[in-house]
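I have placed the structure first, in the form of structure tokens, so that the comments after it can refer back to it.
Each residue takes its place number in the sequence, starting with 1. Values in this document were obtained by computation on a predicted structure and should not be read as measured data.
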Amino acid sequence: MKRNVGLVAGALLVLALSLVAQAGEVQTPSCTTALLIIDVQRIWMFGDLRTTDGIWITDAVVNVLERVRPAGIPVIYVQDVSRSTAGERLLGFPDAITPKEGDRISTKTFGNAFAGTTLKALLDGLGVTRLLICGLASQSCVRATVAGARSLGYEIIVLANAHASGDGGIQAAQMNEAWARQGISVVPIADLDFASLCP
């Protein structure tokens, strides 16, 4: 009798899971990697915003986007809104990297994109465990976010030539060396197989 009850209960569970899956309510993450674009906004477009290989930061981000989108990697724009009086246009993103449908925006008021924000909840909802990180500025908000992500246990890949500090890549190069010494992956855009990050 107990065996029959167990078989019936098991069959009912399988049926229930099947119905839920058919209804589209059970989802497995399509990709466990996400791209974070940190603070590449009009308000910060001053200084010599070249990366370590001499490319302007927005051109570097365009290069990254052209690789992550076909790979199916989710794109998350981190938007600093601490200077809310600057206005919507200045706080927005340069035309070349305007978010597309399906991209997400996470706002912040501190250097670390995880501090006092819903970014972790967003990443958890997407099933993300690995982060590709690029943006502004290398020695401040990018550094703080890398440290925040590391403390939360994310696997991190800093895109070596897709972050800048306004000094022609000097501090970006210094930060690349510091991250590498800490055991954080620092990889140039061209050396990364984006498709393999989102099988």
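Evaluation of the side-chain contact (heavy atoms from CB on, under 4.5 Å) rule for Leu152 yields Phe114, Lys120, Tyr154 as partners, not counting sequence neighbours. Contacts of Asp95 classified as salt bridge (Lys or Arg N to Asp or Glu O under 4.0 Å), with partners at least two apart in sequence or in another chain: Arg42. Applying the salt bridge (Lys or Arg N to Asp or Glu O under 4.0 Å) criterion to Asp39, with sequence neighbours excluded, gives Lys108. Residues satisfying the salt bridge (Lys or Arg N to Asp or Glu O under 4.0 Å) criterion with Arg69, sequence neighbours excluded, are Asp103. With sequence neighbours excluded, the residues forming a disulfide bond (SG atoms under 2.5 Å apart) with Cys198 are Cys31, listed by chain and number. For Ser82, the side-chain hydrogen bond (donor to acceptor under 3.5 Å, both in side chains) partners are Asp80, not counting sequence neighbours. By the side-chain hydrogen bond (donor to acceptor under 3.5 Å, both in side chains) test, Arg67 is found to be paired with Asn63, residues two or more places apart in sequence or in another chain being considered.
Within the structure, ring-ring contact (aromatic ring centres under 6.0 Å, His included) contacts touching residues 176-199 (residues at least two apart or in different chains) are His163-Trp179. Counting only residues at least two apart or in different chains, ring-ring contact (aromatic ring centres under 6.0 Å, His included) contacts with residues 115-151 are absent. For the ring-ring contact (aromatic ring centres under 6.0 Å, His included) condition, the pairs that include at least one residue of residues 53-111, sequence neighbours left out, are Tyr77-Phe93. The stretch residues 42-156 participates, sequence neighbours left out, in no disulfide (SG to SG under 2.5 Å) pair at all.
Using a 3.5 Å distance cut-off with no hydrogens or angles, the side chains of Ser165 and Gln139 do pair a donor with an acceptor.
No side-chain heavy atom of Met175 sits less than 4.5 Å from a side-chain heavy atom of Val146. At a threshold of 4.5 Å between non-hydrogen side-chain atoms, the residues Val158 and Val187 do not count as touching.
Both Val78 and Leu131 belong to a common hydrophobic cluster when Ile, Leu, Val, Met, Phe, Trp and Tyr are linked at side-chain heavy-atom distances under 4.5 angstrom.
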Please list every donor-acceptor pair under 3.5 Å in which a side-chain atom of residues 84-92 meets a protein atom from a residue at least two apart or in another chain.
none

key: Stepwise side-chain contact (heavy atoms from CB on, under 4.5 Å) check, Val64 with Leu159   = CA-CA 9 Å; Val64 175; Leu159 298 174; 3.7 Å; yes
